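Below you'll find the structure, written out as structure tokens, and then a few comments.
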Protein chains: 2
Amino acid sequence: MFKVLVVEDDGNLRKLMSAALKQNGYEPFTAEDGEAALDLLEKTSIDIVISDIMMPNMDGYELTTSLRRANFEMPILLVTAKESFEDKQRGFMLGVDDYMVKPIDVNEMILRVGALLRRAKMASEHSLVVGNCVLDYDAQSVRFGAAQAETIPQKEFLLLFKLLSYPNKIFTRRQLLDELWGMESEVDERTVDVHIKRLRERYNSNPNFEIITVRGLGYKAVKLV
Amino acid sequence: MFKVLVVEDDGNLRKLMSAALKQNGYEPFTAEDGEAALDLLEKTSIDIVISDIMMPNMDGYELTTSLRRANFEMPILLVTAKESFEDKQRGFMLGVDDYMVKPIDVNEMILRVGALLRRAKMASEHSLVVGNCVLDYDAQSVRFGAAQAETIPQKEFLLLFKLLSYPNKIFTRRQLLDELWGMESEVDERTVDVHIKRLRERYNSNPNFEIITVRGLGYKAVKLV
DNA sequence: TAGTTTGTTTACATAAAGTTCACAATTAAA
DNA sequence: TTTAATTGTGAACTTTATGTAAACAAACTA
């Protein structure tokens, strides 16, 4: 389910938008202003941001700038009170993807969100999200929240990716060797243990997942979120 | 230079749009209706399509459907006579990326085209700005702030330009060889390393970007601004 | 509880990948 | 034509990843 962050200081409108999103199969999150939004974005992996421009503390433009600067690449849809060319120009320069003019037509909003997500999906396909942790298959990297993505050794990555792709599913060492090392691999089963150990060392204190030993059978990953 | 296809039966409007596009650094192509557009799309690699909805022979919706069915994935921007929700809904369903309502504001059109192209990740201009650093493709030069622009060796320039055109995207050595040296080049992959080394030597202490090695995969550029 | 099985951890050897250097070949400039 | 700049190569070197073996620890079993 796609996570949509609605940033809007008007409580009624916020509720209205949330409701419409929920009704259309999205998972809405809300924030009252840019600062609250940034906080939330650190913790949660939001797929698309819909933000009002005029807000207390931090307005829509500042929010956009902050996000792009922090290398967040999700689509941003700004809501403007008046249809002004200068505003739009400024927004597009900063990295805004689309505009809506108030009063908002929630049906149109749903359509635009869909179009933006569809377009954005093309960009990075092979990725896996667990809480605020994102595994990028192509970059062989792991990122937590807004932190810098870290590329990790291939075997470790594949192992983690496989386990997290099927949370709670138990994999035997043999299965993992067959799938990640190749059927004919002559590698010792203990090798899996060693890589598990390395992964645990790397991500021991993260709050998103844990690799569990299932004695006599193998290993599994569980989500903690 | 980006190729924009304008599909519009009104000759005057077509000219107006073409002119505006050309003036803003795009290469405009035109077609009078959907069928003519399809013909042209077969022959030319168009980056983005702007199409009127109401046209003889094949309208904007049919054109969209045909394109998506043929796996063309460029952004499509439809121009509608009236702002009707049903129309928009239909369009977004079919795979339209954005709408503009007539009468067209050409400035807004340029902005929307820019935003769509940026989102489509095709972004690549004739000059590229990273922080206070400017790469000029035509002059094959790099300039920092107000300093004198410095022309650098071609291979180094192309390499840097390519990497910075898609920040954070990882390129394999093979990809870079194919794209910068040509598909059939017999050059050793190590050669890329050598050029990377030279670039790093040249720009090691600049605060705008950095070339990162992604072990096992290739190289990527990251913006530090 | 002692012994057995299974899983964890460590240190190390080897392989794989990336960097650097000196130089030769090529191209462009003076 | 001479000189300088650019580009590619191969080998030495550095760093990182991976697998093995053995010691250690925990869990099960009789």
Side-chain angles (χ1 to χ4, degrees), chain A residues 135 137-142 149-163 170-205 210-222, chain B residues 139-142 148-163 170-205 210-222:
Chain A
L135 307 206
Y137 195 86
D138 300 317
Q140 208 181 291
S141 69
V142 180
E150 183 199 20
T151 300
I152 65 173
Q154 190 183 48
K155 284 282 144 56
E156 283 177 53
F157 181 84
L158 291 175
L159 189 50
L160 184 60
F161 198 93
K162 173 61 78 179
L163 289 173
I170 300 169
F171 291 89
T172 64
R173 294 175 174 74
R174 191 65 248 163
Q175 264 178 303
L176 292 167
L177 284 176
D178 285 352
E179 295 189 36
L180 308 184
W181 274 258
M183 284 300 187
E184 1 60 43
S185 103
E186 310 257 311
V187 174
D188 195 276
E189 294 203 351
R190 289 286 138 260
T191 300
V192 177
D193 300 27
V194 174
H195 285 292
I196 292 283
K197 149 86 164 116
R198 286 169 184 159
L199 276 172
R200 284 173 171 162
E201 217 158 46
R202 216 182 266 282
Y203 303 118
N204 53 0
S205 60
E210 195 182 348
I211 301 175
I212 305 282
T213 305
V214 185
R215 191 164 229 269
L217 295 177
Y219 296 98
K220 69 174 177 181
V222 296
Chain B
Q140 205 180 100
S141 69
V142 180
Q148 184 66 43
E150 182 200 20
T151 300
I152 65 172
Q154 188 185 44
K155 284 281 144 54
E156 284 177 53
F157 181 84
L158 291 175
L159 189 50
L160 184 59
F161 197 92
K162 174 60 77 179
L163 289 172
I170 299 168
F171 291 89
T172 63
R173 293 176 175 74
R174 190 65 251 164
Q175 265 177 303
L176 292 167
L177 284 175
D178 285 352
E179 295 188 36
L180 307 183
W181 274 257
M183 283 300 188
E184 1 59 44
S185 102
E186 309 257 311
V187 173
D188 195 275
E189 295 202 351
R190 289 285 138 261
T191 300
V192 176
D193 299 28
V194 174
H195 285 289
I196 292 283
K197 150 93 163 109
R198 286 167 184 160
L199 275 173
R200 283 174 171 161
E201 219 157 46
R202 213 182 271 280
Y203 303 118
N204 53 1
S205 60
E210 194 182 350
I211 301 176
I212 305 280
T213 305
V214 185
R215 189 167 237 268
L217 296 177
Y219 295 98
K220 70 175 176 180
V222 296

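From a predicted model like this one, the values you see are computed outputs, not experimental measurements. Chain letters run A, B, ... following the sequence lines, proteins first and then strands; every chain starts at 1.
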Worksheet item: Hey, does the side-chain of A:Arg215 have a donor or acceptor N/O within less than 3.5 Å of a partner on the base of C:dT6?
Response: yes
Discussion item. Tell me if the side-chain of B:Arg200 makes a donor-acceptor pair with the base of C:dG18, cut-off 3.5 Å, by modelled atom types.
Written reply: no
Discussion item. Measuring from the side chain of A:Asp193 (C-beta onward, heavy atoms only), which nucleotide among C:dG18, D:dG19, C:dG7 has the closest atom?
Written reply: C:dG7
Worksheet item: D:dG10, D:dT7, D:dT20: which one has an atom nearest the side-chain heavy atoms of B:Val194?
Response: D:dG10
Discussion item. Quick check on DNA chain D: between B:Thr151 and B:Thr191, whose nearest nucleotide comes earlier from the 5' end?
Written reply: B:Thr151
Could you check how far [atom1] of [X] sits from [atom2] of [N], rounded to whole Å?
| X | N | atom1 | atom2 | answer |
| --- | --- | --- | --- | --- |
| A:Gln140 | D:dT16 | CD | P | 15 Å |
| B:Glu186 | D:dG8 | CD | C1' | 13 Å |
| A:Ile211 | C:dG7 | CD1 | P | 15 Å |
| B:Leu180 | D:dT6 | CG | C1' | 16 Å |
| B:Glu189 | D:dT7 | CD | P | 19 Å |
| B:Ile196 | C:dT20 | CD1 | C1' | 14 Å |
| B:Asp188 | C:dA24 | CG | P | 19 Å |
| A:Asn204 | C:dT8 | CG | P | 15 Å |

Discussion item. Do A:Tyr203 and A:Glu210 have side chains that approach each other closer than 4.5 Å (heavy atoms only, starting at C-beta)?
Written reply: no
Fill in: B:Ile196 and B:Leu163, any side-chain heavy atoms less than 4.5 Å apart
yes
Looking only at side-chain N and O atoms, does [X] come under 4.0 Å of OP1 or OP2 in [N]?
| X | N | result |
| --- | --- | --- |
| A:Tyr219 | C:dT6 | no |
| A:His195 | D:dT18 | no |
| B:Trp181 | D:dG8 | yes |
| A:Thr213 | C:dT6 | no |
| B:Arg173 | C:dG18 | yes |
| B:Lys197 | C:dC21 | yes |

Practice prompt. Assign the ring pair A:Trp181 / A:His195 to parallel, tilted or perpendicular, where the plane angle (0 to 90°) is split at 30° and 60°.
Written response: tilted
Practice prompt. Please confirm whether the backbone N or O of A:Thr172 pairs with a side-chain atom of A:Gln175, one donor and one acceptor, at under 3.5 Å?
Written response: yes
Discussion item. Both B:Gly216 and A:Arg190 contact DNA chain C. Which one's nearest nucleotide lies toward the 5' end?
Written reply: A:Arg190
Item to complete: Please assess A:Asp178 against A:Arg174 for the test salt bridge (Lys or Arg N to Asp or Glu O under 4.0 Å), listing each intermediate value before the final yes or no.
Response: CA-CA 6 Å; A:Asp178 285 352; A:Arg174 191 65 248 163; 3.0 Å; yes
